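For clarity, every value in this text was computed on a predicted model and none was experimentally measured. Per chain, numbering begins at 1; letters A, B, ... match sequence-line order.
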2 protein chains.
Amino acid sequence: MERPEAYPITYGVLGLLAFMGPLSGYDLKHLFDSMLAPMWGAAHSQIYNELRRMRELDWVEMEREEQESRPDRKVYHITQKGQKALTAWQSQPPGVYQIRDELLLKVMFGAFASPDALAKNLRAGLVEHEQRLHQYRMNSLLIPAHRTTQGEAYQGRSHFQPYTEENADESDLFLNLIAHFAVALEQTYIKWLQEAIAIIEHQPTGEQEQS
Amino acid sequence: MERPEAYPITYGVLGLLAFMGPLSGYDLKHLFDSMLAPMWGAAHSQIYNELRRMRELDWVEMEREEQESRPDRKVYHITQKGQKALTAWQSQPPGVYQIRDELLLKVMFGAFASPDALAKNLRAGLVEHEQRLHQYRMNSLLIPAHRTTQGEAYQGRSHFQPYTEENADESDLFLNLIAHFAVALEQTYIKWLQEAIAIIEHQPTGEQEQS
DNA sequence: TATATCATGTAATCGGTTACATGATTAA
DNA sequence: TTAATCATGTAACCGATTACATGATATA
């Protein structure tokens, strides 16, 4: 059995290049942290790896933008081969669905924590997820601003379209769907955290007062 | 900087041993797939690795249960050192929170999919998450049945208690909290999928009829 | 007859994280 | 003066996945 030539993270980078136009590794890292935060994370080192991988596959091409007093920007754009790969991926059934949540793990084994420690962790989680919710709401307001008009070089494929004004409505549809999901998820999480905190803090499991 | 001696997955195994009593690697794999499914997954090979790691740390001990015509069961139990480590972990701020969801990634870049392909993937996701919801509801009904009475050998620590009849109420509290979270999450996801499917399928993005 | 369950492990690989490395500009 | 931003990469490590390996019993 052969290993696949690409992984979800690969298509994350490829999709951003298709969707947002020519981008540098640095740009891509920022887009991962904002747009793809609800579904896939990536260190910058990994993004550079994926870019190298995709160049070897001829899914992307690179052009050097020279700059003074800064490292040159290496700007990547998707090729027709890359566009085909992206569409082909869309026809495969989705694989990975996984959650890794150390906070939930600690709640699960909350019987082995002091109530104080558990409550503290829950409250920190609440703050974190409230920030996340806030971010996602900000992002979804910014959606119409994310727009590239430089998508001239590589259009023409049947289903294939970069994000431009002509198809802004259609593209916004997916962006809005994702934003809606992210907000709904955080709301659910936050509501649960609040309930959990209320329960844990009103548990008389030790009666240890502390000024 | 030193690498940590243990990771969330390690505490997942340790917590199950503390909570459910002496268990084999095989038992642990099944408990991961049922109880810990909403927060952390593990292949069986990894569980065996963690057991070896924890034996080296003296967090667990092993006893061989001989069997005829089957491989011997190797049954692990937590030590006092392991109990201390578990409680100490509960006082650390939680680290990992990450979601990896290839379906969401495909929706995000849905502009590069045929509407048929996208709808198919969404419908498959709906089925999957409905099954998940059903499982979690089943599990939470089974909670009072998950009970070990063999936790005699290693009690006595201050906060430390295995899951027995005496503290069933307190332990059930955490189990119920997690079950409640898992159900709420799946409900949110399912509701979103239904909305997304409705939107995608009523999109006239090609008008390609197909009998 | 074939699949599922019980039961434990090793080997190979690689995705993903953390740390290392560099260095100018700009804002607090 | 310190920190953040811009900008790109390499090196080391390891957690996690997939495949390999074995073999009896029970169920469909």
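The shortest distance between side-chain heavy atoms of A:His77 and A:Val60 does not fall below 4.5 Å. B:Leu185 places a side-chain heavy atom less than 4.5 Å from the side chain of A:Ile99. Side chains of A:Met108 and B:Met39 form a contact here, defined as non-hydrogen atoms less than 4.5 Å apart.
Put simply, CG on B:Leu23 is 15 Å from C1' on C:dC6, counting in whole angstrom units. Per the geometry, CG belonging to A:Leu31 stands 12 Å off P belonging to D:dC6, to the nearest Å. D:dA7 atom P lies 14 Å from atom NZ of A:Lys74, rounded to whole Å. Whole-Å rounding puts the A:Phe32 CZ to C:dT17 C1' distance at 15 Å. Distance B:Tyr26 OH to D:dT25 P: 16 Å, rounded to the nearest Å. Rounded to whole angstrom, the span from the CD atom of B:Glu65 across to the C1' atom of C:dT8 amounts to 14 Å. Atom CE in B:Met62 sits about 13 Å away from atom C1' in C:dA7, given to the nearest Å. Following rounding to the nearest Å, B:Ile9 (CD1) and D:dA16 (P) show an atom-to-atom distance of 6 Å.
In this model, the phosphate group of C:dG15 is approached by a side-chain N or O of A:Tyr7 to a distance below 4.0 Å at OP1 or OP2.
Aromatic ring centres of B:His129 and A:Tyr97: separated by under 6.0 Å. For A:Trp40 and A:Tyr11, the ring centers are positioned 6.0 Å apart or more.
Picking from D:dT8, D:dG9, D:dA16 the nucleotide with the shortest atom distance to the side chain of B:Trp40 gives D:dA16. Checking D:dT8, D:dG9, C:dA7 against every side-chain atom of A:Tyr76, the shortest atom distance belongs to D:dG9.
The residues A:Glu56 and A:Arg53 are annotated as not salt-bridged, no charged nitrogen and carboxylate oxygen being separated by less than 4.0 angstrom.
Across all non-hydrogen atoms, the minimal contact from B:Leu122 to B:Ile197 is CB-CG1, 3.6 Å.
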Full working for side chain to side chain contact (heavy atoms under 4.5 Å, CB included) between B:Tyr136 and B:Ile178: CA-CA 10 Å; B:Tyr136 293 151; B:Ile178 293 297; over 6 Å; no

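Near-neighbour residues of DNA chain C inside residues 42-54 of chain A, defined by a heavy atom below 4.0 Å, number-ordered: A:Ala43, A:Ser45, A:Gln46, A:Arg53. Within residues 93-102 of chain A, no residue is approached by DNA chain C to less than 4.0 Å at the level of any non-hydrogen atom.
One side chain, B:Glu102 or A:Trp89, offers a donor N or O that lies under 3.5 Å from an acceptor on the other. Of the N and O atoms on the side chains of B:Glu61 and B:Thr79, not one donor lies less than 3.5 Å from an acceptor on the other residue. A donor-acceptor contact under 3.5 angstrom links the side chains of B:Asp101 and B:Tyr189, judged on distance only.
For the helix from C:dT1-D:dA28 to C:dA28-D:dT1, the angle separating the two terminal helix axes comes to 50°, with each axis derived from five pairs and the value rounded to 10°.
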